[in-house]
Amino acid sequence: MKWLGILGLVALSECLVMIPLTKMKTMRETLREKSLLTNFLERNTGNRSQNRAYYPKMTFHPLRNYLDLAYVGNISIGTPPQQFKVLFDTGSGDLWVPSIYCYSRPCRTHKLYNPHTSTTFRLWGQPVDLIYGSGRIIGFLSYDTVRIGKLIDMGQPFVLSKAQYGMEHAPFDGILGLGYPSLATQGTTPIFDTLKRRSLIPQAVFAFYLSSRKENGSVLMLGGVDHRYHKGKLQWIPVSQTHYWQITMNRVTVNGVAFGCSRGCQAIVDTGTSFLVGPSRVVTALRRLIGARLVDNEYTVSCSYVPRLPTIIFSINGNNYPVPPQAYIRKSLRGICLSSLAGGTEYLSRSETWILGDVFLRLYFSVYDRRNNRVGLAPAV
Ligand SMILES: *[C@@H]1O[C@H](CO)[C@@H](O)[C@H](O)[C@H]1NC(C)=O
Ligand SMILES: *[C@@H]1O[C@H](CO)[C@@H](O)[C@H](O)[C@H]1NC(C)=O
Ligand SMILES: *[C@@H]1O[C@H](CO)[C@@H](O)[C@H](O)[C@H]1NC(C)=O
């Protein structure tokens with residue numbers, strides 16, 4: 001049964017003989033329904049010279065900002081489509097959603113995928129254990145059609161959860177990983193790689209614009225970059241290890257003084273992490289410097305004091321990326337000012353590593369270029 005996993009747009013032209021006629025018919029119907037058949041046939045007969053109208057366009061996928069803590073978008077899985085809210089996460093590689101086989105607490109409050117009502121579901125069955133900073137998912141692999149807006153990805157491997165620990169109150173049902181394939185469960189192809197390989201997107205790039213303090217307006221661009229979302233020129237930074245979106249950082253300075261990363265370090269650009277995360281030792285020193293006090297498990301500062309706090313400057317590839325206090329301090333719903341700096345990267349890697357999460361990415365529009373293995377950063381509009 002495993003060959004079913006390669007069902008899909010490109011597989012269709014490569015493995016035509018392997019697909020029974022009835023299957024072919026269904027696929028044709030599905031494609032025609034979506035007015036994609038001509039598009040697909042054009043693209044796969046190699047005549048795209050003057051057919052700009054047939055050339056795939058970049059996709060703008062809206063994201064909703066939940067209190068500056070998570071950016072969540074809709075996808076659907078199955079036929080007919082079952083809709084899920086997912087976290088688009090550059091810091092992981094797998095796609096998972098809760099399933100009807102899950103009886104854990106987090107599954108009571110989230111949308112559950114039901115394979116029985118999807119005509120395109122195909123069981124793989126391989127068990128999977130996914131560990132995130134904020135929880136753990138135990139499940140098994142399967143295939144189904146995944147839609148991100150108008151993009152249709154047939155036979156995409158994904159994980160159906162059987163048990164979930166943590167993320168109970170998450171504003172999303174599942175997570176869609178946008179990391180390199182080595183970050184995904186072995187033997188599976190991440191969604192972006194499928195879109196890229198099947199030429200469903202014009203370029204092997206994606207980009208995030210994360211809005212501040214407003215629910216609407218954030219966007220994930222797939223297959224291109226809309227330069228109206230940033231100011232100045234994009235600065236390209238080579239990816240230092242093609243696993244996470246990892247880059248080399250020169251130093252971190254506060255008030256003109258090196259604060260960690262003094263001999264260079266690594267930084268992971270991660271839309272799935274809300275905060276700025278560094279080595280505990282350095283973050284503890286930073287909290288002390290800004291006078292943050294632990295109240296109810298959160299580091300708080302007096303709101304009136306925020307304008308006087310220092311800016312943290314991240315130097316990357318010869319450019320400075322300042323993060324002012326208004327960005328690394330957030331106001332809770334109760335009006336309390338909390339630090340959005342967290343420690344703990346020493347558990348991730350032996351060498352000094354920082355995670356540039358949403359705190360950083362709201363300030364800097366980010367582009368992820370798989371063709372040239374580089375990250376682009378520029379001040380967001
Ligand atoms: C390719 O497309 C052009 C423009 O649409 C058309 O004139 C030409 O006949 C096509 N060639 C083939 C081989 O289909
Ligand atoms: C997701 O879908 C729901 C309902 O279908 C819609 O109300 C919501 O605005 C969508 N979210 C985004 C971020 O587009
Ligand atoms: C966000 O957009 C939705 C519809 O797309 C609208 O109903 C809502 O009022 C908007 N929210 C804000 C804060 O603008």
Side-chain angles (χ1 to χ4, degrees), residues 30 33-34 56-92 94-100 106-115 117-120 132 134 144-153 156 158-161 164 167-178 190-192 195 200-201 205-226 228-230 270-274 330 333 357-359 361-362 365-368 380-381:
T30 319
E33 206 175 275
K34 300 286 158 196
K57 292 201 177 76
M58 66 178 280
T59 296
F60 287 83
H61 197 61
L63 303 177
R64 186 166 161 202
N65 174 0
Y66 284 90
L67 306 171
D68 282 2
L69 293 173
Y71 293 82
V72 174
N74 292 328
I75 63 161
S76 75
I77 307 182
T79 313
Q82 302 177 36
Q83 188 176 287
F84 297 91
K85 292 192 278 189
V86 295
L87 180 75
F88 285 89
D89 180 17
T90 59
S92 66
D94 295 283
L95 167 63
W96 68 266
V97 289
S99 85
I100 54 163
C107 291
R108 291 183 210 160
T109 48
H110 289 101
K111 181 80 180 282
L112 307 178
Y113 170 80
N114 182 353
T117 61
S118 173
T119 56
T120 42
Y132 297 88
S134 48
D144 208 336
T145 300
V146 176
R147 288 179 174 78
I148 307 177
K150 289 203 178 76
L151 292 172
I152 304 176
D153 171 10
Q156 174 62 44
F158 73 109
V159 177
L160 281 73
S161 80
Q164 296 186 196
M167 296 188 264
E168 187 177 344
H169 302 291
F172 49 84
D173 303 308
I175 296 180
L176 187 152
L178 289 165
I191 279 206
F192 191 77
L195 298 178
L200 296 171
I201 47 173
V205 300
F206 57 93
F208 278 88
Y209 170 76
L210 304 183
S211 71
S212 303
R213 291 179 207 89
K214 59 182 200 315
E215 215 171 67
N216 298 342
S218 299
V219 60
L220 161 64
M221 296 158 209
L222 289 160
V225 180
D226 184 338
R228 287 172 298 183
Y229 283 88
H230 65 82
D270 183 4
T271 55
T273 291
S274 316
R330 69 186 193 282
L333 291 175
D358 300 339
V359 163
L361 298 171
R362 271 189 286 278
F365 174 80
S366 53
V367 183
Y368 306 78
V381 292

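Hydrogens, waters and symmetry mates play no part in the numbers below; they use all other heavy atoms, side chains included. Remember, it's 1-based here, ligands and their atoms both numbered in the order they're listed.
Less than 4.0 angstrom separates some heavy atom of N74 from each of these atoms of ligand 2: 1 (C), 2 (O), 3 (C), 8 (C), 10 (C), 11 (N), 12 (C), 14 (O). Distances below 4.0 Å separate heavy atoms of R64 from the following atoms of ligand 2: 13 (C).
Annotation: side-chain hydrogen bond (donor to acceptor under 3.5 Å, both in side chains) contacts of D89 (sequence neighbours excluded): S92. Scanning for ring pair (Phe, Tyr, Trp, His ring centres under 6.0 Å) contacts around Y113 gives F158, with sequence neighbours left out.
In the candidate list K85, Q83, E215, Q83 is nearest to atom 5 (O) of ligand 2, counting heavy atoms.
Side-chain contact, S218 with N65: no donor N or O sits under 3.5 Å from an acceptor N or O.
Using bins of under 30°, 30° to 60° and over 60° for the plane-to-plane angle, the ring pair Y229/Y209 lands in the tilted bin.
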